[in-house]
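Here is the naming used below: chain letters follow the sequence lines, and residue numbers restart at 1 for every chain.
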Protein chains: 2
Amino acid sequence: MAARTRGMASDIQERIKRLIIDQRLPSGAPLPTETELMELLGVSRNSVREALKGLQAMGIVEIRHGFGTYVGPMSMAPMIEGLLFRTVAGHYRGEDSLLQLLELREAVETGLIARLAGRIPPADLAELDALVERMEAEAAEGAVRAETDRAFHAALHRGLDNLLLSEVLEAFWDAFHRVRTDLVDLHADPKVTCRQHREILEAVRTGDVVRAEAAVRDHFGDIRERLRSPHHD
Amino acid sequence: MAARTRGMASDIQERIKRLIIDQRLPSGAPLPTETELMELLGVSRNSVREALKGLQAMGIVEIRHGFGTYVGPMSMAPMIEGLLFRTVAGHYRGEDSLLQLLELREAVETGLIARLAGRIPPADLAELDALVERMEAEAAEGAVRAETDRAFHAALHRGLDNLLLSEVLEAFWDAFHRVRTDLVDLHADPKVTCRQHREILEAVRTGDVVRAEAAVRDHFGDIRERLRSPHHD
DNA sequence: CTAGCTCAGTTGGTTAGAGCAGCTGACTCT
DNA sequence: AGAGTCAGCTGCTCTAACCAACTGAGCTAG
């Protein structure tokens, strides 16, 4: 017997994790069926399912109805859900959780822009140019699509050359975006947004670290300002 | 009916989340018992439990055997678990996931040190002094305890005045520390470690941003160097 | 011979009911 | 008045049966 005081479900989860690690299973690899796991681990189907539900919530396994169970993508998706819920719950309880989330993004992205300035590959710079242009086209028609903003930040962070870091930043963006659409309407001026993004792009293109930091800070400062102003319920 | 194609468990989770948000329940508040939830939501006990297991994995609820179910701490603990597993699994598959995790910490902490330099409250500075001294005492006896290093970083980040940000940084520290103890032995020179921490402290005390960034980068650069050198299996 | 449909088998999803296990608080005995 | 005990809540695990989704082999029609 392994873990006595911590419950069997947790024990089963640990054993399934070990199974994945010991066998070097990559994302997408098939795992034993529920019936097999139940025999393999010597527990009931119910316990297996509860353990899998927990692992699924952490992105460690992926369950497909009628097909099978697989090693999960291990993306940052669970973190997004957690951050989102934490922020929304805090917001409704009167905390400034939304501002904290924005500050988290601001602090991290401002700190990282110095590392990016002057080091963006030409291909990514071209993509960023195209994205800013699309952004301006969308702004002329009323509002910038969220997907375009997301693509801009994603392309920018690609230069960091660290998949984990990029995913974490993307997760922060996602969480903030979802909170924003669920809770408040920032009614930002699309033209201002465009100008700020172009400024960031030009700064990193020329490799001007100080200017780049100022541009990013300006971008977030603008959002922060709108966050403080009266908005909703 | 809400989600038809996404399964009932996910639907139940959503409804429990709504329950917490709509009633403004704070962390630690009691939730309905399994029996009550089962009647309230009109589903079987098993489905309720599977949903709760998923929420528990995300830190949204906390289940105490024989006592009840409560609103969870909503800390970053689930993220630590996820990062840890992702990194360990990647490492065993031959990826440089450990280095990526270290770089994540390095990038974020280096970027944030500028925001801290010269802005640490005297009380925190005193605590940091005490921690470096303890570190030196421990170094003289062989090795610096992990808890001391953790406390140093935690005290340093307290000055950020953003609980979410501090927790995220702490989570990154935890994940890296656990991976490190599980996978590799960095056998760092404790005296060097002490010197680096003192240097960081002096730099932020005097408010010298450039020196502070260099100190942090030096600290991480040292760890990164050891990570590359031959180590284990 | 091929394109499309059908259906049986496999796998996960849900329900039901029974009994086990841990914790709390009130009750009892000293 | 203090310490031990036990009844009762609570969550935990198991069994067994049936429902629902998906795949792929085999059949049918063109």
(request) Quick one: which residue pairs count as a side chain to side chain donor-acceptor pair (under 3.5 Å) with a foot in residues 61-77 of chain A, not counting sequence neighbours? (result) none
(request) Please collect all salt bridge (Lys or Arg N to Asp or Glu O under 4.0 Å) contacts where either partner lies in residues 76-91 of chain B, sequence neighbours excluded, each pair once. (result) Lys17(A)-Glu81(B), Glu167(A)-Arg86(B), Glu81(B)-Arg178(B)
(message) Filter on salt bridge (Lys or Arg N to Asp or Glu O under 4.0 Å), then keep only pairs touching residues 65-78 of chain A, sequence neighbours left out; what's left?
(response) none
(request) Would you check if there is a donor-acceptor pair between the side chains of Asp96(A) and His91(A) at a distance under 3.5 Å? (result) no
(message) Using a strict heavy-atom distance below 4.0 Å, which residues from residues 50-66 of chain B are in contact with DNA chain D?
(response)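 Output list: Ile63(B), Arg64(B), His65(B), Gly66(B).
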(message) For DNA chain D, which residues of residues 32-49 of chain A approach it to below 4.0 angstrom with any heavy atom?
(response) Val43(A), Ser44(A), Arg45(A), Asn46(A), Ser47(A)
(message) Let me test you: for the helix from dC1(C)-dG30(D) to dT30(C)-dA1(D), what is the angle between the axes at its two ends (five pairs each), rounded to 10 degrees?
(response) 10°
To check you understand the geometry: which heavy-atom pair defines the closest contact between [X] and [Y], and what is its length?
| X | Y | value |
| --- | --- | --- |
| Arg93(B) | Arg24(A) | CD-O, 3.5 Å |
| Ile12(A) | Ser47(A) | CD1-CB, 3.7 Å |
| Ser97(A) | Gly90(A) | OG-C, 3.6 Å |

(message) Nearest whole Å is fine: how far is dC18(D) P from Met8(B) CE?
(response)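 It is 20 Å, rounded to the nearest whole Å.
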(message) Rounded to whole Å, how long is the line connecting atom CZ of Phe67(B) with atom P of dC12(D)?
(response)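 Those two atoms, CZ and P, are 14 Å apart.
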(message) Working note: His197(B) + Asp149(B), criterion side-chain hydrogen bond (donor to acceptor under 3.5 Å, both in side chains); need CA distance, chi angles, decisive distance, verdict.
(response) CA-CA 9 Å; His197(B) 281 84; Asp149(B) 184 65; 2.7 Å; yes
(message) So does Glu36(A) get a backbone contact from the side chain of Glu39(A), meaning a donor-acceptor N/O pair under 3.5 Å?
(response) no
(message) On the nucleotide dG12(C), are OP1 or OP2 found under 4.0 Å from the side-chain N or O atoms that Thr69(A) carries?
(response) yes
(request) Determine the sole option in Met76(B), Glu109(B), His153(B) for which the side-chain contact (heavy atoms from CB on, under 4.5 Å) test with Leu169(B) is passed. (result) Glu109(B)
